[in-house]
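Inspection log for the structure reproduced underneath, given as structure tokens.
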Amino acid sequence: MNKKAILISVIGGLLLVLLSVGATLLVLGHPEWYGGATAHNEQPAPPEVSKKPLFKPLEKFVISIDGDNSRHYLMLEMTLVTHSASQLENYDELMPVIRNSLVQYFSQRNESQLTEELRHIEHLQAELQERLISTLHNYGFQPALDEVLITKYVVQ
């Protein structure tokens with residue numbers, strides 16, 4: 001190989017090294033191009049909070065309740081209350097878990113227990129809220145469930 005070819009190869013190699021270093025520095029200087037800033041330096045944006053409460057009505061459900069002499073039925077309509085818009089989408093996704101938690105709760109009651117709990121509906125709503133929050137935590141979610149409202153019930 002002649003000296004001219006070696007010189008061109010060395011200069012070409014140096015140019016490739018300089019371009020690689022320059023490109024690396026350019027990309028590192030703009031972490032938003034590859035998500036570096038949010039992954040390492042910045043906290044994720046807090047969830048958007050609504051000034052007004054947001055409501056998620058649940059489909060009504062009917063559950064059988066044991067009585068002293070016969071079987072009774074509870075028809076229940078409920079609404080979840082939150083101030084986080086993103087929670088509404090989570091509630092849609094988690095509806096089977098939410099409904100299962102409520103059915104489990106009420107299936108452990110007999111008619112007299114249920115009648116007594118419904119006399120103190122505010123306490124019952126708070127208890128259901130705690131239960132749902134606990135259930136959703138067990139599934140790895142951080143719910144922003146502000147309130148559970150019992151909007152209608154019938155015991156027959």
State the [atom1]-[atom2] distance between [X] and [Y], to the nearest 0.5 angstrom.
X: I11; Y: L16; atom1: CD1; atom2: CG; value: 12.5 Å
X: Y91; Y: E93; atom1: OH; atom2: CD; value: 12.5 Å
X: K4; Y: S9; atom1: NZ; atom2: OG; value: 13.0 Å
X: I65; Y: N110; atom1: CD1; atom2: CG; value: 8.5 Å
X: L132; Y: E127; atom1: CG; atom2: CD; value: 11.0 Å
X: T79; Y: L54; atom1: OG1; atom2: CG; value: 12.5 Å

| request: Walk me through it: do L136 and I98 pass the test side chain to side chain contact (heavy atoms under 4.5 Å, CB included)? | output: CA-CA 8 Å; L136 296 176; I98 291 169; 4.2 Å; yes
For a quick test of reading the model, state the closest non-hydrogen atom pair linking [X] to [Y] and the distance between them.
X: R131; Y: S101; value: NE-O, 2.9 Å
X: R99; Y: E59; value: NH1-O, 2.9 Å
X: F55; Y: P53; value: CE1-O, 3.6 Å
X: Q113; Y: Q108; value: OE1-O, 3.7 Å
X: V148; Y: Q129; value: CG2-CA, 3.6 Å

Within one Ile-Leu-Val-Met-Phe-Trp-Tyr cluster: [X] and [Y], side-chain cutoff 4.5 Å:
X: L149; Y: L118; value: no
X: L102; Y: V155; value: yes
X: L114; Y: F61; value: yes
X: I133; Y: L80; value: yes
X: V81; Y: M95; value: no

| query | Got a sec, which pairs hit side chain to side chain donor-acceptor pair (under 3.5 Å) with one end in residues 147-156, sequence neighbours left out? | reply |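 For residues 147-156: none.
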| query | Among all residues two or more places apart in sequence or in another chain, which pass the side chain to side chain donor-acceptor pair (under 3.5 Å) test with Q125? | reply |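 Once residues adjacent in sequence are excluded, Q125 has no partner under the side chain to side chain donor-acceptor pair (under 3.5 Å) criterion.
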| said: Does either side chain, that of T82 or that of S84, offer a donor lying less than 3.5 Å from an acceptor on the other one? | reply: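 Looking only at side-chain atoms, S84 and T82 do not form any donor-acceptor pair under 3.5 Å.
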| query | Can you find a pair of side-chain heavy atoms, one from L128 and one from I150, that are under 4.5 Å apart? | reply |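 When only atoms from C-beta onward are counted, I150 and L128 do touch, with a gap below 4.5 Å.
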| query | Any side-chain heavy atom of P143 sitting closer than 4.5 Å to one from H137? | reply |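 Yes. Closest side-chain heavy atoms under 4.5 Å.
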| task | Say whether, by atom type as modelled, one donor and one acceptor occur between the side chain of D146 and the main chain of H83 under 3.5 angstrom. | result |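 Such a contact is found between D146 side chain and H83 backbone.
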| message | Quick check against the 3.5 Å criterion: does S107 have a side-chain atom that pairs as donor or acceptor with the backbone of Q104? | response |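 It does hold such a pair.
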| query | Under the side chain to side chain contact (heavy atoms under 4.5 Å, CB included) criterion, do L124 and Y105 qualify, and how do the steps go? | reply | CA-CA 11 Å; L124 176 58; Y105 178 87; 3.4 Å; yes
| request: For the pair D92 and K56, find out whether any cationic side-chain nitrogen is under 4.0 Å from an anionic carboxylate oxygen. | output: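 Salt bridge flag = yes for K56 with D92.
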| field | Test log, rule side chain to side chain contact (heavy atoms under 4.5 Å, CB included), inputs F141 and Q87 | value | CA-CA 10 Å; F141 290 89; Q87 289 295 309; over 6 Å; no
| message | Taking transitive links into account, so neighbours of neighbours count too, which hydrophobic residues share a cluster with Y73 at under 4.5 Å side-chain distance? | response |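 Besides Y73, the hydrophobic cluster comprises V62, M75, V154, listed by chain and residue number.
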| message | Assess the residue pair E111 and D66 against the criterion (side chain to side chain contact (heavy atoms under 4.5 Å, CB included)); give the C-alpha distance rounded to whole Å, side-chain angles, the decisive distance to 0.1 Å, and a yes or no. | response | CA-CA 6 Å; E111 180 203 11; D66 289 330; over 6 Å; no
